[in-house]
Structures are given as C-alpha cells and as structure tokens.
Amino acid sequence: MSTPIPPAIELCSLAKSFGELQVLRSIDLKVTQGEVVCIIGPSGSGKSTLLRCVNLLETPTGGQVLIDGIDITDPHSDIDEIRTRIGMVFQQFNLFPHLDVAGNLTIAQRRVLKRSRIESNDKAVSVLKRVGLSDKLHSYPRQLSGGQQQRVAIARALASDPEMMLFDEPTSALDPELVGEVLDVMRGLAEAGMTMLVVTHEMGFARRVADRVVFMDGGLIVEEGPPDQVIGDPQHERTKRFLEQVFER
Amino acid sequence: MTEGHVGVDGIRPPRQTAGMSKRRKAQLRRWAIYVATLVVIAVVVLSADWAKLQSVFLDPQIFRDLFPEIITIAAKNTVILAIFAFSGGLVLGLALALMRLSSVKPYRWAALAYIEFFRGIPALLTLILVGFVLPIALQVRIKQILPFLGDYGTPAVGLAIVAAAYLAETIRGGIEAVPKGQMEAARSLGMTNSQALRSIIIPQAFRVMIPPLTNEFVLLVKDTSLVFVLGVSASSQDLAFFSRAAVQDTLSGTPFIAAALIYLAITLPLTAVSRQLEKRSGDYTSGRKKRAAVAAAEANALEPGGIEPGNFGQAGMPGGNFR
C-alpha cells in the first residue's frame with residue numbers, strides 16, 4: 001500500500017477462541033477513515049466478538065488489530081489512549097446508573113482527558129444537543145426511555161471526540177417504536193463523516209447508510225461489498241439463505 | 001363419590017376417617033396451641049415475685065448511680081472501638097475483596113486464606129493473637145505502631161482484623177453484583193482499571209452493600225464486648241465489662257438491663273435505617289442484581305475462583321479478561 005494515511009481500522013488474520021470454541025477464524029478487514037461498514041450475519045457468527053476485539057474488550061488469540069496503523073495487540077501499546085479514539089456503543093447501553101446524564105457525559109472527559117469542569121460541561125451540552133436530548137442533562141438513566149438511553153450512550157462516546165465509533169447491535173434491546181430515533185442519530189453521524197463499524201440486524205439501515213456491508217458466518221467473512229450488492233444481490237448461498245430468513249419475518 | 005363408599009383396597013377415603021375436615025382439625029390444633037401458651041404465661045405471671053424482680057432488675061437508685069459513667073466511659077468506648085474497628089476493617093476488607101477478584105492467582109489464594117482463617121477461628125482468639133502473641137512472642141506492639149489510637153489501638157486492630165474477613169466477602173459480593181457492562185463501558189472510554197473501579201464500580205457496589213454493611217457494623221458493636229480479654233483499666237471499660245463489674249458491685253441485675261438498653265439504643269436504629277435503605281436501594285439496581293448481592297453478602301458464601309482468569313495482570317486488580 002502506498003497510501004500515506006493508514007486505515008482507521010485494520011484487522012489482519014484476526015482470530016479469537018474461547019477455549020476449544022473458535023469464534024473468529026481468520027478475519028481480514030479494513031475500514032478507511034470516514035467509511036461506514038455494517039457487519040451482518042446470524043447470531044453466533046462472531047460479529048460482536050470481532051467488534052469487541054477492535055478496542056480489545058476481547059483479547060485476540062491470533063492476528064493483529066491496527067488502529068491508525070498502530071498495532072494494539074502489541075502489549076507495549078497504550079491501549080487506554082487508543083480507546084479514547086474509539087467510541088463504543090453497547091446493545092445494553094451500559095450507562096452509569098449512579099450518575100446523571102451530565103455525569104455520564106463528563107466523567108471520562110474529566111478523568112481520562114483531564115478536561116476542566118467547564119470545558120467538559122460545554123462538551124456535554126453540545127453532544128447532548130447533537131442527539132436531540134438537550135433537556136435531559138440532569139436526568140438519571142432510569143428516568144429515560146430505552147431509545148433516549150441509547151442516544152445518551154452515543155453522546156457519551158462522542159464527548160471524548162473519538163475518531164471512529166463501534167456500534168454493537170445498538171437497537172437490538174429496544175422496543176420497535178424506539179429504534180428509529182437511534183438510527184436517525186447514527187445516520188446523522190455517518191453523514192457528518194464519522195468512521196463507523198456497526199454490527200446490526202437493521203437491513204434497511206445497512207442498505208441506506210453503509211458504504212460497505214460485510215456478511216459473516218462461522219467466524220469468517222463470507223461476502224463483502226456495497227450494500228446493494230451484498231443485501232440486494234448476494235452471491236453466496238449462505239448469504240442468500242440468511243437474508244431470506246431475515247426478510248421473511 | 002357415594003357417601004360411605006369403601007375404596008378398592010378396602011381403605012375408606014381419607015376425608016371420612018376422623019369424622020371432621022382437615023380444616024377443622026387445623027383450627028382445633030391452633031386453638032390448642034393458643035390455650036397452652038396462655039396457660040404458660042398465666043403460670044409465669046402468677047408465680048413470679050414481681051416486687052423481687054423489680055428490685056433486682058429495675059432498682060431506680062442503682063440505675064441512677066450508673067450514670068454518667070455508663071455513657072461517658074462504657075458506651076463511649078464501645079462506640080469508638082466499633083467505629084475504629086469498622087473503618088480499619090473496611091479498608092483492609094476492600095483490599096482483600098480486590099485481591100479475591102484479582103486475576104493473579106497468588107493474590108486470590110492469599111486473600112482466601114486470610115478470610116478463611118479469621119472467619120474460622122473465634123474472634124477472642126484473634127484478640128489474644130494481637131494482644132498477647134504479637135507483643136510477647138514477636139515484640140510487636142500495636143500501641144507503638146499506631147500511637148494515635150491510644151488505648152483503643154490493640155483492641156481496634158484485633159477487631160478490625162476479624163471484621164475485614166467478613167467485610168471482604170460482603171464487598172466482593174457488592175462488586176460482583178455490578179453488571180460486567182459497566183466495567184466494559186468505563187474501559188471503552190479509556191479509563192484505566194483502577195479509575196473504573198474508583199469512579200464507576202465501587203460507588204455502585206457500595207450502594208448495594210449499605211444494608212449488609214450496616215449489619216456487619218451491628219455485629220461489630222456487639223463484638224466489642226470481647227475486648228475485656230486484653231485487660232481493662234478504669235477508663236477503658238466497654239459497655240459489657242462495665243455492666244459485669246457493676247452487677248458484681250451492686251449484687252443487682254439492674255446494670256445488666258441498663259447495658260442491654262444502651263446496646264439496643266445503638267443497634268436498633270441502625271437496623272431500622274438499614275431496612276429503609278434496603279427498600280430504597282432498588283432505585284436503579286434491578287431487583288435481581290440487588291438480591292443476588294445481598295444474598296451473596298449475607299451468606300458470605302465462599303466460591304473459589306469467582307472471576308475468570310485473564311491476562312489482566314497490571315496491578316492484579318479485578319476487571320474483565322481484557323487489558
């Protein structure tokens with residue numbers, strides 16, 4: 001490669017086993033800056049594990065993970081610093097229940113980025129506005145709906161000014177009528193040029209927003225390409241079967 | 001079913017054997033118990049010598065003579081000792097709990113050995129260890145190591161050592177009750193393991209732990225009655241010892257009643273507060289998680305290897321199986 005800018009995320013023969021169980025076999029994947037990549041696939045295919053290897057919430061058992069060209073599987077890399085560049089949004093939101101929204105949005109800014117109280121508060125207000133919840137600054141997570149909680153979780157990740165965002169089935173725990181508001185926020189982020197790696201079952205979102213769709217099964221990438229190709233005209237038998245089952249519902 | 005019908009095997013249907021329904025029998029049994037209880041109470045009330053009992057247990061003159069020393073010396077010593085021992089036990093217990101949750105095996109083993117040892121031997125023996133074995137056999141004197149604690153030093157350290165063993169299991173239960181996603185969310189924001197523990201995990205754990213911690217404190221208040229074994233001076237008497245001495249002086253049961261009332265005045269409000277807090281702590285913690293934590297804490301259950309070992313070496317602190 002002669003490109004001067006390394007890809008935001010690069011996975012080289014990534015493998016992960018839990019004991020005997022091989023969840024990721026050999027994954028090669030590149031996400032360039034500003035790209036939106038959606039990972040689809042049946043449950044148990046290793047999608048979430050792949051995502052969690054990107055910021056080392058799971059320790060790979062083989063291969064490399066490069067963030068901005070830095071190999072974070074190297075034990076000498078500063079993983080805490082790298083993680084501040086990678087926002088992560090979880091299926092279960094994982095907001096901090098003992099802190100109000102302002103606290104959730106400022107704690108990492110204060111503790112990790114050492115921003116001042118005023119600076120981190122200003123940032124909290126601006127990211128909260130971005131997810132459309134300006135009036136919730138002093139609410140506690142338990143007082144919010146699932147959709148609102150997930151938007152706060154997105155805002156919390158954004159508050160650290162990440163270069164890229166990981167989404168681990170961000171709408172799977174939501175009531176159907178609350179899915180839209182979260183997807184809208186994510187689409188807004190994509191349009192603003194955020195690098196995004198999204199594990200999702202929302203085919204409509206993947207088709208409209210993704211630059212590239214990756215279909216995984218059995219710990220391997222089976223097929224990848226533009227959404228219209230992978231979702232609209234899948235080549236592999238396994239992909240076809242999966243999509244048939246998804247759209248039959 | 002026909003009335004009086006005889007079953008196939010020649011046994012009558014059970015309903016008819018006693019000539020009355022099961023419910024009726026249960027009612028009768030209950031009444032029999034009530035009557036028996038009343039008879040026992042009546043016998044006790046009638047046969048008791050109330051005037052004698054009052055003079056023995058509620059002698060107003062003896063009661064008055066206990067003051068102010070019973071408060072200014074005895075109750076004060078008991079409360080201060082309990083607070084010192086609890087504070088020390090909490091710090092040591094937190095360290096032990098973190099060791100128990102560590103991914104470093106020797107830390108887990110050492111903490112487990114400590115906990116098992118000091119929970120397994122009588123608190124009295126631990127006090128003897130600190131008060132006699134250390135100074136006599138090893139020339140270690142708590143009073144010289146922690147001079148700012150004064151006379152409280154030796155008994156407080158002894159009780160703290162015991163309390164730490166129990167508190168460690170309570171704290172571990174509380175930390176384990178915090179969902180795993182909380183640590184992951186904190187780490188994904190770039191926090192170090194210890195930052196995440198301090199700002200995210202421990203604050204949540206402590207809220208769940210307030211009721212069991214209150215119970216531990218109540219137990220500790222009562223355990224202060226053991227410190228007499230270390231020797232007692234006029235100014236270092238605890239409530240139980242003070243009452244024993246007063247009973248011997250006055251040949252009356254009144255000091256016992258007075259001491260019991262003061263213990264209750266300390267412990268009952270605490271358990272009441274703890275019950276209130278327990279009701280309210282469901283605010284954000286799901287009932288299931290909270291119950292799990294409380295159950296773990298109360299049972300002080302011992303399950304070796306509570307957390308999966310990982311490569312989480314750094315400070316040997318608990319965390320996920322990630323760096």
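The model shown is predicted, which means the values in this text are computed figures rather than measured ones. To find a chain, count down the sequence lines: A is the first, B the second, and so on, and within it residues start at 1.
- For the set B/Arg198, B/Gln195, B/Gln182, the count of heavy-atom pairs under 4.5 angstrom toward chain A peaks at B/Gln182.
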**Asked** Stepwise, does the side-chain contact (heavy atoms from CB on, under 4.5 Å) test hold for B/Ser188 with A/Phe90?
**Response** CA-CA 10 Å; B/Ser188 78; A/Phe90 299 87; 3.8 Å; yes

**Request:** Dump the intermediate steps for side-chain contact (heavy atoms from CB on, under 4.5 Å) on B/Leu189 and A/Ser160, then the final yes or no.
**Result:** CA-CA 8 Å; B/Leu189 288 164; A/Ser160 298; 4.3 Å; yes

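- Looking at A/Arg85, there are no atoms closer than 4.5 Å to chain B (heavy atoms on both sides), in backbone or side chain.
- Both the backbone and the side chain of B/Ala186 come within less than 4.5 Å of a heavy atom in chain A.
- Chain B forms more heavy-atom pairs under 4.5 Å with one residue of A/Leu166, A/Ile82, A/Leu99, A/Leu95 than with any other, namely A/Leu95.
- The number of heavy atoms from other shown groups lying within 6.0 Å of CG (B/Leu264) is above 12.
- Taking CE of A/Met88 as the start and CZ of B/Arg187 as the end, the distance is 13.5 Å to the nearest 0.5 Å.
- Here CD1 of B/Ile200 is found 4.5 Å from NE2 of A/His98. Values are rounded to the nearest 0.5 Å.
- By number of non-hydrogen pairs under 4.5 angstrom with chain B, the leading residue of A/Ile107, A/Thr84, A/Asn55, A/Val89 is A/Ile107.
- Here the CD atom belonging to B/Glu184 is positioned 7.0 Å from the CG atom belonging to A/Asn94, to the nearest 0.5 angstrom.
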